[in-house]
Amino acid sequence: MRLFSSAKYDLGDLAVGDKLYSKDLDMNAEILERRTLLGTLHYRLKFYKHKVKYEKIIAPAGLNIAGFSILQRSE
């Protein structure tokens, strides 16, 4: 059962280099690393909003709640 997926994209199966966008937050993000913390998949992301850049570790559920969708898949 996939809890954190949208009709178009599965946010629980992202790869390093994938680019995301949240219309709700008006923010872009890029996956830098996949990690397992306490037995759960998390991503280290670099967020871009206007000229501000920062990194954060977040689970697929957090991406779903924030309204992120895949902008561009890495090759």
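Both backbone and side-chain heavy atoms feed into the values below; hydrogens, waters and symmetry mates do not.
- Of all non-hydrogen atoms in A66 and S22, the two that sit nearest each other are O-OG, 2.6 Å.
- Considering only heavy atoms from C-beta on, L45 comes within 4.5 Å of I31 through its side chain.
- Between F68 and A29, the shortest heavy-atom distance links the atoms CE2-CB, 3.9 Å.
- Contact record, R35 with I57: NH1-CD1, 3.0 Å, taken as the closest heavy-atom pair.
- Under the salt bridge (charged side-chain N to carboxylate O under 4.0 Å, His left out) criterion, the residue pairs touching residues 52-65 are R44-E55, with sequence neighbours excluded.
- We find the CD1-NE2 distance between I58 and H42 to be 8.5 Å, quoted to the nearest 0.5 Å.
- Under the 4.5 Å side-chain heavy-atom criterion for ILVMFWY residues, no single connected hydrophobic cluster contains both L37 and L11.
- The hydrophobic clustering, which links ILVMFWY residues whose side-chain heavy atoms are closer than 4.5 Å, places Y21 and Y48 apart.
- Residues I65 and Y43 do not share a hydrophobic cluster, clusters being chains of Ile/Leu/Val/Met/Phe/Trp/Tyr side chains in contact below 4.5 Å.
- V52 and L32 fall into different hydrophobic clusters, defined by Ile, Leu, Val, Met, Phe, Trp and Tyr side-chain heavy atoms under 4.5 Å apart, directly or through other members.
- A side-chain contact (heavy atoms from CB on, under 4.5 Å) with L20 is found for exactly one of L63, N28, L71, namely L63.
- Judged by distance alone, the side chain of K23 and the main-chain N or O of S69 form no donor-acceptor pair under 3.5 Å.
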